[in-house]
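Down below is the structure, laid out as structure tokens.
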Amino acid sequence: VPVAHYFQEYLSQYLLGRVLVDLQRDVCAKLLALPLGFHVQTSRGEILSRVLNDTNKAHSTLDQFFVDVVQAIVMLAVTVTALFVFSWQLTLTLGTVAPFLAGTIAYFGSRIRKRSERRQESQADITQRLMQILAGIKIVKAFKAQEGEARGFAADNLRYFRRNLKVVKSRALARASVELLSNLIGIFILLVGGAALLAGLWGLTLGTLIPYALLISRAYRPLADLSRSWTRLEEAVPSAARFFEVLDEPIETVDPPGAVDVSGIRQGIRLRDVSFSCGREPVLKNVSVDVKAGQMVAIVGKTGSGKTTLADLLLRLYDPPDGTVFVDGTDIKQLPLADLLASVGLVSQDIFLFSGTI
């Protein structure tokens, strides 16, 4: 019915679109709440690929999944019911060979999932490479690195192409295998039915065997749709998993119960035996500093000696794994983060302009 098709299409697109909007809203809020360490350790291209590419991949698959699967399940259920009505003995015989078909679908589904995961990783590499080129375009041009960057992008693109072909190959093999097995199972059931008819078993007659054979042929289409939807779903699982990994990341530590209010610094700032590492390399090791209120202090040193890290610890962008930072004699972890940041003025060495107007 045209009206029913209209409402089905509109409602399915509305629900899936609403889910996509809510997920991307939630992941943006989560990215803002994640600690700085996560953003330092994870490339921007990887994050962008998970938020955009992976969500869109999962969304488009769910769109096809809901449309095809619902219709296929209804058609298959009606067909199987009719098969039982015509001959429950033949239908039970059909059930003994059905696990071979289910096993084939599961086998190819597992292969598709693994290869799709590697494909999505390659897509993240492409996104990261392009972002790197655009962010450093001045350096690229100044050092005549266009050819090298173009080769690198082409290599990443080719790797994605090859991995995508492996997914396509597994998907095509799955469809061909299911079609072949379905035909063989249909022939097997007809042979069994013909033998039973000749032997006078199960009350089979030519008037029941012919419509039974027609119903089996009608069952192929919904079965093929279910198989295709299952492999598509397996293909989308890695994309959904990569997206939800971001949502499952632990957020910044919330203010502890009984946090001490900050209303200006009266005594000063003290660091006691503070150590911090970026990966395996120590940046700060057993650093102790006392700064009195009203005192002006300059921290100087060569590049990589930990000056910026020291400022980041005062802002609680990181928490030191060893040692303690005190403000007016209180552990900085016991202060409300919003109050602490409101008490700090920062002029960053990194220049960043947000898009927008004054």
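Positions are given from 1, in the same order as the sequence printed here. Keep in mind it's a predicted model, so treat the numbers as computed, not measured.
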Can L271 and S288 be said to form a side-chain contact (heavy atoms from CB on, under 4.5 Å), step by step? CA-CA 5 Å; L271 283 77; S288 296; 5.7 Å; no

Shared hydrophobic cluster, [X] / [Y] (ILVMFWY, side-chain heavy atoms < 4.5 Å):
| X | Y | value |
| --- | --- | --- |
| I187 | V97 | no |
| L201 | L90 | yes |
| L20 | F243 | no |
| Y160 | L165 | no |
| I269 | V274 | yes |

Does the pair R18/D22 count as a salt bridge with the N-to-O cut at 4.0 Å? yes

Between R266 and D328, does any NZ, NE, NH1 or NH2 come within less than 4.0 Å of an OD or OE carboxylate oxygen? no

Do other residues, nucleotides or ligands put more than 12 heavy atoms under 6.0 Å from the CZ atom of F161? no

Within a reach of under 6.0 Å around CD of Q295, are more than 12 heavy atoms found that belong to other residues, nucleotides or ligands? yes

Donor-acceptor contact below 3.5 Å, side chain [X] vs main chain [Y]:
| X | Y | result |
| --- | --- | --- |
| S227 | L223 | no |
| E234 | T231 | no |
| S275 | D322 | no |
| S110 | A106 | no |
| T208 | F86 | no |
| T42 | H39 | no |
| N53 | Q123 | no |

Using a 4.5 Å cut-off on heavy atoms from C-beta on, say whether the side chain of [Y] contacts that of [X].
| X | Y | value |
| --- | --- | --- |
| L313 | L284 | yes |
| R115 | S170 | yes |
| F100 | L184 | no |
| Q132 | S43 | no |
| R50 | E245 | yes |
| C28 | R25 | no |
| V289 | R270 | no |
| Q24 | L52 | yes |

Name of the residue among R44, E121, M131, R242 meeting side-chain contact (heavy atoms from CB on, under 4.5 Å) with S49: R242

Distance-only side-chain donor-acceptor flag, D54 / Q120, under 3.5 Å: yes

Going by atom types only, do S122 and R163 share a side-chain donor-acceptor pair under 3.5 Å? yes

Over all heavy atoms of both residues, which pair between [X] and [Y] is shortest? Give the atoms and the distance, please.
| X | Y | value |
| --- | --- | --- |
| R113 | P238 | O-CG, 3.1 Å |
| L190 | A213 | CD2-CB, 3.4 Å |
| K307 | I299 | CD-O, 3.6 Å |
| M75 | T79 | O-OG1, 2.8 Å |
| W230 | G109 | NE1-CA, 4.5 Å |
| P321 | F276 | CD-CD1, 3.8 Å |

Starting at [atom1] of [X], measure out to [atom2] of [Y] and round the result to the nearest 0.5 Å.
| X | Y | atom1 | atom2 | value |
| --- | --- | --- | --- | --- |
| L180 | R175 | CG | CZ | 14.0 Å |
| I133 | E149 | CD1 | CD | 5.0 Å |
| D319 | D312 | CG | CG | 11.5 Å |
| S87 | L94 | OG | CG | 10.5 Å |
| T324 | Q334 | OG1 | CD | 10.5 Å |
| L226 | L101 | CG | CG | 10.0 Å |

Just do the side-chain hydrogen bond (donor to acceptor under 3.5 Å, both in side chains) check on Y212 and T91 with the steps written out, would you? CA-CA 10 Å; Y212 193 92; T91 306; 3.0 Å; yes

May I have the step-by-step check of side-chain contact (heavy atoms from CB on, under 4.5 Å) for R118 and K166, ending in yes or no? CA-CA 10 Å; R118 290 193 288 269; K166 290 183 178 180; 5.6 Å; no

Could you walk me through whether L23 and F244 pass the side-chain contact (heavy atoms from CB on, under 4.5 Å) test, one step at a time? CA-CA 9 Å; L23 282 176; F244 282 106; 4.2 Å; yes

Could you go through the side-chain contact (heavy atoms from CB on, under 4.5 Å) check for K141 and Q146 one step at a time? CA-CA 7 Å; K141 288 182 174 293; Q146 294 96 323; 3.9 Å; yes

Please list, one pair per line, the donor and acceptor atoms closer than 3.5 Å that link side chains of residues 335-348 to other protein atoms, with sequence neighbours excluded.
| residue | atom | partner | partner atom | Å |
| --- | --- | --- | --- | --- |
| S343 | OG | D339 | O | 3.0 |
| S348 | OG | D350 | N | 3.0 |
| S348 | OG | D350 | O | 3.4 |

Mind listing the side-chain donor-acceptor pairs of residues 30-37 below 3.5 Å, one per line with the distance, residues two or more places apart or on another chain?
| residue | atom | partner | partner atom | Å |
| --- | --- | --- | --- | --- |
| K30 | NZ | L247 | O | 2.2 |
| K30 | NZ | E249 | O | 2.7 |

